[in-house]
Structures are given as structure tokens and as C-alpha cells.
Amino acid sequence: MLPYPSGKLHMGHVRNYAIGDALARYMWMRGFNVLHPMGWDAFGLPAENAALKAGREPREWTLTNIAHMKAQMQRLGFAIDWNREIATCDPEYYRWNQWFFVKMFERGLAYRKEALLNWCPECGTVLANEQVVNGCCWRHETTPVEQRAMQQWFLKITDYAGELLDALNDLENGWPERVVAMQRNWIGRSEGAEVDFPATNSDEKIRVFTTRIDTIYGATALILAPEHPLVAQLITDDESRLRVKEMIDASARQDPGSVEKVGLFTGKHATHPFHGGQIPIWVGNFVLLGYGTGAIMAVPAHDERDFEFCRAYGIPVVAVIRPQDGELGDGATMAEPFLEYGIVENSGEWSGLPSAEARRKMSAYAKAQGFGEPSITYRIKDWGISRQRYWGTPIPIIYCPKCGAVPVPEQDLPVLLPQNVKITGKGRSPLEAVPEFMNVSCPQCGTAAKRESDTMDTFIDSSWYFYRYCDPHNNTAPFDSNVIAYWFPIDQYIGGITHAILHLIYSRFWTKVMRDLGLVSNNEPAKNLFTQGMVLMGGTAMSKSKGNVVDPDVMVARYGADTCRLYTLFAAPPEKDMDWNESSVDGQFRFLKRVYTFVTRNLDRAGEGDADAGRKALRKLHQTIRKVTNDFDSRWHFNTSIASLMELTNTLYQYEAGLSCVVAREVCTNLILMLAPFAPYTAQELWIASGNNGPVFRQPWPAIDPELAKEDLAEIPVQVNGKLRAHLQAPFGTPNEDLQSLALSLDKVKAFVDGKQIVKVIVVPDKLINLVVK
RNA sequence: GCCCGGGUGGCGAAAUCGGCAGACGCAAAGGACUUAAAAUCCUUUUUCGCGCAAGCGGAGUGCGGGUUCAAGUCCCGCCCCGGGCACCA
């Protein structure tokens with residue numbers, strides 16, 4: 001039933017959520033070796049900003065926050081393996097971040113280039129594509145990001161794009177469908193071809209990417225993105241230059257989906273590589289520099305956008321694909337493009353081929369002739385990791401005027417952040433202003449050189465911390481591969497949906513890089529992923545990075561940690577978003593008091609008791625064990641587990657007077673054990689109070705006795721024509737005919753059946769009777 | 001536009017494989033205990049109609065159809081809400 005191989009459970013990324021802790025405690029009671037550790041984020045920017053406001057050192061501030069979080073989690077009673085905790089702002093963690101960076105640099109997986117990057121004015125730093133949400137910074141939802149050209153370090157996640165996409169097929173079993181779908185969407189694979197169109201009277205070639213090379217005979221123009229490097233060469237007059245600049249500025253300002261298509265003829269032409277004719281070269285604002293080659297061939301007859309553009313600018317429309325059983329459209333008069341696959345026409349020797357075959361043969365031809373090749377393009381871009389922040393791991397690179405970018409040698413790692421840095425938030429790394437940090441000599445030639453002043457994205461930290469905490473004190477390697485081989489892949493990862501295309505892609509990438517470095521043998525970090533719902537506060541999601549998290553300390557002080565935990569588990573099933581509304585917290589407090597009262601006042605119970613009451617109490621007990629066990633083993637709907645514990649408690653109150661001392665002891669012991677994963681403090685106290693020793697969550701989980709759980713009689717609803725009319729009680733296994741006659745003997749049933757003809761009788765044994773009458 | 005979720009009482013929700021809709025809890029109302037309050041305990045609480053009452057009957061899971069003895073659950077067509085991607089060639 002459990003989706004884990006027996007014996008061990010590695011739970012990753014369990015934050016301050018009661019879900020993972022309840023599961024860990026339960027699995028301990030089932031005898032598993034559970035790794036239930038904790039990694040502490042540096043969570044740079046909020047700390048940096050807060051420190052700035054408070055006039056304190058960011059490092060000091062962050063360490064205080066980590067200490068506070070740790071204390072809070074201890075107050076809440078999380079059964080974390082504290083010996084394995086790590087903090088990602090630890091210098092030793094920096095060392096291994098930097099070590100990985102150098103390894104990647106040496107393999108060409110880390111590179112530096114100038115690019116247009118997303119700049120958040122509020123953060124004062126650039127962001128990766130994954131960190132831009134609706135055109136705004138993921139931390140500042142109302143601050144639009146700007147585009148800035150900057151020198152940046154990138155990690156080549158695109159080298160792994162194909163594998164990251166394909167491996168999603170294997171993750172589908174254990175990962176939520178929507179996360180898999182979001183990642184597929186984000187990686188965005190298109191299969192097609194790249195084709196060169198030589199510019200007429202020039203040495204330049206314009207390379208385009210297309211998924212529909214079968215339509216290439218219908219290409220009546222080339223369109224370049226306004227930012228395309230060739231545009232500057234093709235356009236010579238000032239007015240056109242101005243108009244191109246306007247296009248760039250307008251598209252940066254506006255919502256990309258709603259911008260009107262605008263174009264500009266360059267006055268130049270290119271040669272069509274298949275038929276040798278001349279086609280005009282245009283600049284179009286709807287062509288994206290960042291996708292494919294930044295240039296397209298316009299096939300208006302078979303593409304919606306090209307159609308719109310070409311009709312607006314009077315570029316000819318030439319149809320070259322006809323439907324399987326239809327006529328070729330007339331480009332001059334067609335009202336809309338024909339987008340589907342069909343049969344290629346008017347395309348020289350390829351005429352008559354179906355689209356799919358033409359795509360294969362034409363791209364093979366392009367390759368053979370040397371003017372193109374089959375190609376796969378991904379939507380995902382390389383991961384820009386430079387940040388102009390104080391907080392974060394310094395990028396271990398030294399710029400030497402002679403040797404260029406030189407990695408810091410391994411024995412000089414870690415490069416640590418200087419202390420006493422003035423944080424301005426003005427868009428340059430604060431480290432630049434610290435000469436002792438910046439000025440070094442080149443490790444290769446000794447010439448005076450400068451350090452890289454940017455720090456790494458803190459998503460680097462979270463990409464592999466769950467490896468490090470398996471072996472947190474290792475000072476000769478990031479971790480011992482043998483330890484990892486035991487614990488990995490993670491059996492159960494628990495995290496928020498907000499990281500579906502951030503952390504959960506980065507950490508998959510990082511795992512594959514470490515595998516290729518020979519450090520780990522698993523291909524994926526986590527087999528099973530559970531995404532718990534967001535906690536909302538008046539409609540907006542609470543998150544650590546936004547700093548709008550409710551501090552549980554107030555509730556803990558008033559009701560205690562157990563009530564607090566029960567409240568979060570009981571409010572809704574864990575995958576569902578939950579609005580933080582404390583009104584129902586009283587109910588959890590009452591429930592714990594009722595359990596406490598019941599157990600403590602029955603400790604010294606003596607006597608024989610009433611057999612019927614005892615049987616009913618034990619029956620409810622074993623039904624509850626079945627229910628709670630089932631919830632743990634399948635779907636973690638702890639709201640219903642807790643509801644069933646409440647039902648059990650209500651039943652015990654009902655039969656309390658009649659319980660014998662033996663039965664009272666039995667029900668109390670098992671109630672405490674079942675409460676332990678959810679309310680550990682209360683359970684532990686009651687465990688000791690009832691004369692036991694040791695940690696309650698190391699006790700074996702209660703076993704179900706199916707005989708005791710069984711009801712004496714089956715309660716069978718009787719329907720007439722599908723409407724409920726009566727109930728009857730009968731022993732389990734009563735034959736269908738007997739049930740039928742019992743049902744017909746009931747007065748309430750008679751009232752609806754008499755005078756009518758019984759057409760059909762449906763009997764579901766022990767479950768239901770339905771009489772169909774006419 | 002494309003891809004995921006979701007829509008059940010005043011509220012959070014339950015109904016796990018097509019078989020009694022509303023478990024459990026909150027809030028509310030009434031009662032017991034109390035000088036009083038808190039705490040605790042008990043009762044009522046989907047809705048409409050009939051009845052003094054125990055009760056009886058009808059309707060009801062976003063809307064409209066369908067399949068079935070039986071639909072919150074399955075199928076078809078819509079509406080609304082949330083999330084992701086979006087001029088991706």
C-alpha cells in the first residue's frame with residue numbers, strides 16, 4: 001500500500017508543516033528508518049532589506065532569523081533529526097557551492113555572456129526567467145521587471161532540457177499531474193528544422209527556425225526580430241532605425257499578447273534556398289529574439305500570425321498545403337490560413353507528399369545541401385545565476401587582464417563574504433565597494449586582478465541542500481556518495497506548488513549534473529512529490545519570501561503547539577489551499593481537553609464493566625484504527641483521520657460508565673498511540689501518565705482486529721424506485737431472497753409497493769435493497 | 001487561445017470502487033450546572049410544505065441534457081472561480 005520500499009523513508013523539503021511531521025512519526029511507529037531533516041535557507045533578500053532598515057549586519061540578521069525559525073519549530077515539537085540540519089549560509093556550504101560552480105565552469109556548463117536580463121528595480125538585482133511572474137518580480141508582484149543588458153553568469157540548463165523533459169514521463173507516477181504539466185509547458189520542446197536564407201548582395205545568411213518546413217514553398221517573406229543583430233546592418237537610414245527602436249521599446253512596455261503587429265520592410269531581399277526566388281526581408285515586432293533563431297520565414301497561407309501580418313502589409317499569400325481530401329486554397333482570396341497537416345502542393349519535387357513525410361525529407365535535403373538541418377528548440381533558457389546582492393555565495397571567479405576569467409583554485413575555497421559591507425540596493429553588487437575583497441592577484445600568472453563581485457542566486461543553495469544534510473559535516477567532499485546511495489532518491493518530497501517551475505526544475509537539473517560528475521547514481525532527486533496547498537490570508541498566498549507568514553507563536557502561547565498543529569491538519573485536506581481563519585481552532589483545543597480528561601480520569605478505573613458497552617467501545621476503536629491507518633497509507637487526508645479520532649472520543653464518552661478496567665486501558669492506550677503523530681506533546685504526556693516509558697512515537701502502531709471492528713448486524717437501506725423509504729437490520733451474509741422478503745414486510749415499504757407490480761429487485765448483499773415497482 | 005485544478009448547508013469540510021448526501025468541527029439558537037461569568041455537559045441546526053407533536057411528504061451537490069434499478073461521483077454540452085503557459089514560428 002505504501003509507495004515506499006520497506007525499511008526507509010527519506011522525506012525532503014519538509015518545512016514548518018505538520019503534514020510531513022505526522023507522516024514521519026507514523027512511519028517511525030511502523031518501524032521505518034526515517035530521514036526527517038531540515039535545511040535552512042539563507043533567504044537572502046528579505047533579510048538583507050530588513051537588516052538595511054534596522055541598520056544591522058545582514059549576516060547577523062539572517063542568523064537571528066534562522067535561530068528564531070529553529071526555536072519555533074522546536075516549540076511546535078517537530079521530530080526533526082537535528083544532527084542533520086544544515087544552514088545554506090554556512091561557509092562550508094559556500095565552499096561546496098563554489099566547488100560545484102568551478103566544476104561546471106571547467107565543463108563549459110557555466111559561462112558568462114552579455115544579455116538582456118530581467119531586472120527588478122525593487123530588489124536591485126537581475127532575476128532568472130523562472131523568477132519573473134506576470135512580468136513582475138516573484139517577490140514584488142506589482143513591480144514590473146525591466147530589461148537590462150548586463151554581463152552575467154549562466155548555467156547551461158538547456159543542455160539538459162531534453163532529458164529534463166523526457167524524464168517527466170517516469171515521474172508521472174509519483175508526481176502530481178499539474179506539476180508535470182507545468183514543467184512540460186515550461187521546457188517547451190518544438191521539433192523542426194533550421195534553414196539558411198542567404199541575403200542577396202551580401203555574405204550574411206539569415207537562419208530561421210520552423211516546425212513546418214513542409215510549408216517552405218509558401219514562404220513569401222523573412223521576418224527578423226527587432227533586436228536581431230542583422231537588423232542594424234540591413235537598415236541604413238535613420239528614420240527606419242528610429243522605428244525599430246520604437247518597436248523594441250513598445251514591446252518592452254506592453255503585455256506581449258496584446259501588442260498590435262507592426263512591421264518594417266528593410267528594402268533588402270534574400271534568396272529562397274529551395275526554389276531560388278527572391279523574398280523580401282522584414283522586421284516584425286511579433287518575432288521573438290529569444291526563441292529559435294530570432295528570425296522566421298513567413299508562411300501566411302499556413303500560419304495565423306504570418307497571415308495577419310502579411311495581409312496587413314500586402315505581402316503575397318501562397319498556399320502550398322491542401323487538406324487530405326480537399327482542394328488547395330487560393331492565397332489571394334482565402335479568408336483564413338489553413339493550419340493543419342495535409343498534402344504538399346506547388347513545391348517542386350516534394351509536391352504530393354503528406355506533410356509529415358515532407359518535413360523529414362525536406363530537412364534531410366537541407367542538411368545534404370548544407371543550408372540547414374533538423375533541429376529541436378526549447379523554450380527554457382539557460383539559468384542566469386548572477387545577483388547584485390550582498391547575500392549569497394560569492395561567484396568564485398577572478399578576472400585577470402591576461403588570462404581572462406580564472407576560477408578560484410580549490411584550495412582557496414571558500415571565497416567568503418566580507419563583513420561590514422554597506423548595502424545600498426543601488427544596482428551594483430555591494431561587494432564592489434570593498435577593495436580588500438575585490439583586489440587579488442591572478443591565481444595563474446600573479447598579475448593584479450579583480451574578483452567577480454556578484455553572488456549566486458540562492459536557488460543554487462536549495463538545489464542540493466537535501467543531499468548535503470545526509471552528510472552535513474563532511475569537509476572533504478560535498479557529501480559521501482555511499483551515504484547518498486542509501487538515502488536517494490528521496491522517497492517522499494513535500495513542498496509548495498509555488499516551486500513547480502523554480503526549485504523543482506533547478507534541483508532536477510542539479511541532480512543530473514552531479515550524476516554526470518560521478519557523485520550520485522540517481523537520475524532524479526525525488527520519486528514521489530506531494531504539493532501541499534498554499535496557506536492564504538485574505539486571498540493572497542503566504543510565503544516566506546514575501547514575509548507575510550503568520551507567526552504561530554501567538555497561537556502556541558494561547559492553546560499550545562498540539563492545538564496549533566491539529567488546527568492546520570484539520571482545516572482541509574493537505575493538497576488544498578486553505579484560508580487562514582482561526583475561528584475553528586477552539587474545536588481542536590476542546591478535543592484535546594476531552595481526550596486528556598477521558599484518559600486521566602480512567603487511569604485508576606477498576607471493575608468488570610458492562611459487556612455490551614465494552615464491545616461497542618472496542619468496535620469503534622478498531623474501526624478508527626482502520627480508518628486512520630488507511631488515511632496514512634493512501635492519501636494523507638488527516639482532516640478525516642482527526643475527525644474519526646473525535647468520533648472515537650465521543651463514543652468513549654457515551655460508553656464510559658460501562659467500561660471495564662481492561663477495556664478502558666485498551667482504548668486509552670490506542671487512542672494515545674493514534675494521537676501521537678498529530679498531537680505529540682499531549683500524546684507523550686498521557687503516555688507517561690498511563691505508566692509507560694520512552695518516546696511514544698517509537699511504539700509500534702496499533703494493529704487492526706477485523707473481528708472486533710465488525711458490526712453485529714448490517715444496516716441495510718431499502719429503496720423503492722431509487723428513493724430511500726426504510727432501513728432494516730439483518731445479519732451479515734443474509735441471502736438475497738430473505739432480505740427481499742424482510743424488506744417487503746416493512747410497513748413503510750408496503751405503503752409504496754401495495755397495489756403496484758414489482759418489476760425488478762436489486763439487492764447488493766449487506767449493502768442495499770432497491771425495489772423497482774410500476 | 002492552450003494545459004491543469006475546483007464549484008456540496010451560514011462557514012471549513014465529509015461521502016476513498018456508481019449504492020442512505022452533509023460525517024467531524026466552527027458559528028448560531030435553546031437548555032442543565034452556577035449568585036454570575038468562564039469552563040463543562042445536553043439538545044436543535046440543508047431547505048420548502050403539512051402537523052400541537054412523534055412524524056409525513058417534496059426539492060436539493062454551479063447550469064442543461066444523457067446513461068443506469070440507482071449519479072455529488074460516469075458521458076455530452078455550457079457557466080463561473082483559481083492556477084500555469086501564451087505572438088514559441
Side-chain angles (χ1 to χ4, degrees), chain A residues 133-134 176-186 188-190 192 208-213 215 219 223 225 251 255-261 284-288 290-299 302-306 308-309 377-379 497-498 500-501 533-534 536 539 541 566-567 570-573 575-579 581-588 590-591 593-594 597 627 630-631 634-635 637 639-650 653 715-727 748 751 759-764 767-773:
Chain A
V133 179
N134 294 327
E177 196 185 326
R178 70 172 161 158
V179 174
V180 171
M182 281 162 78
Q183 293 212 352
R184 283 213 176 98
N185 219 332
W186 186 260
R189 171 188 172 110
S190 315
V208 303
F209 173 75
T210 177
T211 55
R212 292 294 305 272
I213 195 172
T215 67
I223 311 177
S251 62
D255 171 25
S258 65
V259 178
E260 201 194 332
K261 288 186 180 43
N285 66 337
F286 71 102
V287 178
L288 306 172
Y291 190 75
T293 59
I296 63 161
M297 60 177 199
V299 184
H302 303 295
D303 181 280
E304 253 173 351
R305 296 147 302 169
D306 297 348
E308 189 192 330
F309 185 84
T377 288
Y378 294 95
R379 215 193 66 94
I497 185 69
T498 43
I501 51 171
M534 291 181 288
L536 307 172
L566 280 176
Y567 161 71
F570 185 76
E575 70 275 11
K576 208 180 150 165
D577 290 349
M578 173 188 112
D579 207 40
N581 175 351
E582 297 185 11
S583 68
S584 66
V585 74
D586 285 324
Q588 309 311 314
R590 263 174 233 150
F591 164 60
K593 280 193 288 192
R594 279 166 67 79
T597 306
K627 167 75 183 147
N630 191 24
D631 278 338
S634 58
R635 50 177 204 168
H637 280 203
N639 53 334
T640 63
S641 312
I642 294 167
S644 69
L645 290 172
M646 288 172 168
E647 278 187 65
L648 172 62
T649 308
N650 293 345
Y653 267 70
E715 170 100 2
I716 298 172
V718 182
Q719 298 179 338
V720 180
N721 286 344
K723 280 187 195 297
L724 178 70
R725 296 301 178 188
H727 284 100
K748 281 183 189 169
V759 183
K760 198 172 178 184
V761 179
I762 311 283
V763 181
V764 185
K767 281 275 170 61
L768 177 128
I769 299 170
N770 189 9
L771 304 165
V772 187
V773 300

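So you know, we letter chains A, B, ... as the sequences are listed, proteins then strands, and number each from 1. On a predicted model such as this, the values are computed, not experimentally measured, just so you know.
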May I have the distance from A/Gln719 (atom CD) to B/U68 (atom P), rounded to whole angstrom? 17 Å
Under a 3.5 Å cut-off for both distances, is B/U16 Watson-Crick or wobble paired, and to whom? none
Between B/G66 and B/G72, how many Å separate the two P atoms, rounded to a whole number? 15 Å
With a cut-off of less than 4.0 Å, is there a side-chain N or O of A/Lys576 near OP1 or OP2 of B/A13? yes
Which whole-number value in Å describes the distance from A/Tyr567 OH to B/A27 P? 13 Å
Which whole-number value in Å describes the distance from A/Ile501 CD1 to B/A86 C1'? 12 Å
Give me the ring orientation class for A/Tyr291 and A/Phe209: parallel if the planes are under 30° apart, tilted from 30 to 60°, perpendicular past 60°. perpendicular
Provide the distance between the two C1' atoms, one in B/U34 and one in B/A38, to the nearest whole Å. 10 Å
Please determine if a side-chain N or O atom of A/Lys593 lies less than 4.0 Å away from the OP1 or OP2 oxygen of B/U40. yes
Can you figure out which of B/A89, B/G19, B/G84 approaches the side chain of A/Leu768 most closely? B/G19
For A/Lys760 and B/C69, is the shortest distance between a side-chain N/O and OP1 or OP2 below 4.0 Å? yes
Nearest-neighbour nucleotide for the A/Val764 side chain, B/C3, B/G19, B/C24 considered: B/G19
Send over the distance from A/Arg184 CZ to B/A86 P, rounded to a whole Å. 17 Å
Against the side chain of A/His637, the closest entry in B/C20, B/A14, B/C87 is B/A14
Quick one: is A/Lys723 getting a side-chain N or O under 4.0 Å of the B/A59 phosphate, OP1 or OP2? yes
Partner nucleotide, any strand, of B/U67 [Watson-Crick/G-U, under 3.5 Å]: none
Rounded to the nearest angstrom, tell me the gap between atom CZ in A/Arg212 and atom P in B/C87. 20 Å
Among A/Val287, A/Asp303, A/Thr210, exactly one meets side-chain contact (heavy atoms from CB on, under 4.5 Å) together with A/Ile296. Which residue is that? A/Val287
Applying the 3.5 Å cut-off to both distances, the Watson-Crick or G-U partner of B/U47 turns out to be B/G58
Identify which nucleotide among B/G57, B/G84, B/C3 has an atom closest to any side-chain atom of A/Asn185, counting heavy atoms from C-beta outward. B/G84
B/U40 - base-pair partner by Watson-Crick or wobble geometry, distances under 3.5 Å: B/A32
Spacing of A/Phe591 atom CZ and A/Leu566 atom CG [to the nearest 0.5 Å]: 6.5 Å
Please determine, for the side chain of A/Val772, which listed nucleotide (B/C69, B/G12, B/A89) has the closest atom? B/C69
Has A/Arg379 got a side-chain N or O lying under 4.0 Å from the OP1 or OP2 atom of B/A86? yes
Whole angstrom is fine here: how far is it from CD1 in A/Ile762 over to P in B/G18? 17 Å
Atom-to-atom span, CD1 of A/Ile642 to C1' of B/G25 - whole angstrom: 11 Å
Tell me which nucleotide among B/A14, B/C41, B/C20 gets nearest to the side chain of A/Leu724. B/C20
Does B/G12 have its OP1 or OP2 closer than 4.0 Å to a side-chain nitrogen or oxygen of A/Ser583? no
A/Phe286 ring centre to A/Lys261 NZ or CZ under 6.0 Å, with the angle to the axis within 45°? yes
Return the pairing partner of B/C2 with a 3.5 Å limit on both distances, Watson-Crick or G-U wobble; otherwise return none. B/G84
Is the distance from OP1 or OP2 of B/C26 to the nearest side-chain N or O of A/Arg590 less than 4.0 Å? yes
Residues, nucleotides or ligands: over 12 heavy atoms within 6.0 Å of A/Glu304 CD: no
Identify whether any heavy atom of A/Pro573 sits under 4.0 Å from a base atom; if not, whether one sits that close to sugar-phosphate; answer base, sugar-phosphate or nothing. sugar-phosphate
For B/C41, take OP1 and OP2 only and decide whether either is under 4.0 Å from a side-chain N or O of A/Arg594. yes
Syn or anti for B/C26, please, going by whether the chi angle lies within 90° of 0. anti
Let's go through A/Arg594 and A/Asn650 carefully: what are the C-alpha distance in whole Å and the side-chain angles of both, what is the deciding distance for side-chain hydrogen bond (donor to acceptor under 3.5 Å, both in side chains) to 0.1 Å, and is it a yes or a no? CA-CA 9 Å; A/Arg594 279 166 67 79; A/Asn650 293 345; 2.8 Å; yes
Under 4.0 Å from OP1 or OP2 of B/C56: is there any side-chain N or O of A/Lys748 that close? yes
Looking at every non-hydrogen atom in both residues, tell me the closest pair between A/Pro717 and A/Lys767 and how far apart they are. CD-O, 3.1 Å
In whole angstroms, how far is the C1' atom of B/C24 from the CG atom of A/Asp586? 16 Å
Any base atoms under 4.0 Å from A/Arg189, or only sugar-phosphate, or nothing? Heavy atoms, all strands. nothing
Any N or O donor-acceptor pair under 3.5 Å from the base of B/C69 to the side chain of A/Asn770? yes
Specify the closest pair of heavy atoms between A/Glu575 and A/Arg178, including all atoms of both residues, with the distance to one decimal. O-NH2, 4.5 Å
Taking only side-chain N and O atoms of A/Asn639, does any of them lie within less than 4.0 angstrom of OP1 or OP2 on B/A14? yes
Syn or anti conformation of B/G9, syn meaning chi within 90° of 0: syn
Side chain of A/Ala571, heavy atoms from C-beta onward: which of B/G12, B/C20, B/A89 has the nearest atom to it? B/G12
Taking the C1' atom in each of B/U8 and B/A59, what is the distance between them to the nearest angstrom? 15 Å
